[in-house]
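The block underneath contains the structure these notes are about, expressed in structure tokens.
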Amino acid sequence: MGTKLGFLVGLGAGVFLMAKAKPETVESIRRTGEKIMGSAPVQKTAGAATERITETLHQQGAAMTDRVAQSIKGTLFPQASSTVSPQDESGTQVVTQAGT
């Protein structure tokens, strides 16, 4: 709660100060921010972060899909036991059902 409150207080203070600032000051801050965001190091870091986030979301999404599928199979077919091998040659998890 303290972190959220601190963030909101800081945000409110920033909005208040920007409202009181001269338009030239606001424009100068905006231009500086655009320069920083457009710089090569920031763009490189943002690209790397985007790539890592995309990869992580893909992996976690696949894992979640596998868990949901296993849960549904267990609900629909409780008498069949399922085993999951780590991965086949293509990197895909292999599900085999015993007793079918």
Thr75 side chain vs Ser71 backbone, donor-acceptor pair below 3.5 Å: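 Yes; judged by distance alone, with no hydrogens or angles, the pair exists.
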
Minimum-distance pair of heavy atoms, taken over all atoms of Val42 and Met37: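 For Val42 and Met37, the tightest heavy-atom pair comes out as CG1-O, 3.9 Å.
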
Can you tell me how far the [atom1] atom of [X] sits from the [atom2] atom of [Y], to the nearest 0.5 Å?
X	Y	atom1	atom2	value
Thr65	Gln60	OG1	CD	11.0 Å
Thr50	Gln43	OG1	CD	9.0 Å
Thr32	Glu27	OG1	CD	10.0 Å
Ile29	Leu17	CD1	CG	9.5 Å
Asp66	Gln70	CG	CD	7.5 Å

Summary of salt bridge (Lys or Arg N to Asp or Glu O under 4.0 Å) pairs that have at least one residue in residues 34-60, sequence neighbours excluded: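 Non-adjacent pairs meeting salt bridge (Lys or Arg N to Asp or Glu O under 4.0 Å): Arg30-Glu34.
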
Cluster link Val68 to Leu76, ILVMFWY, side chain under 4.5 Å: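 In one cluster with Val68: Leu76, yes.
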
Same apolar cluster (I L V M F W Y, side chains within < 4.5 Å links), Phe77/Ile72: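 They do share one cluster, since a chain of ILVMFWY contacts under 4.5 Å joins Phe77 to Ile72.
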
By side chain to side chain contact (heavy atoms under 4.5 Å, CB included) - contacts of Thr45 (at least two apart):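 None.
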
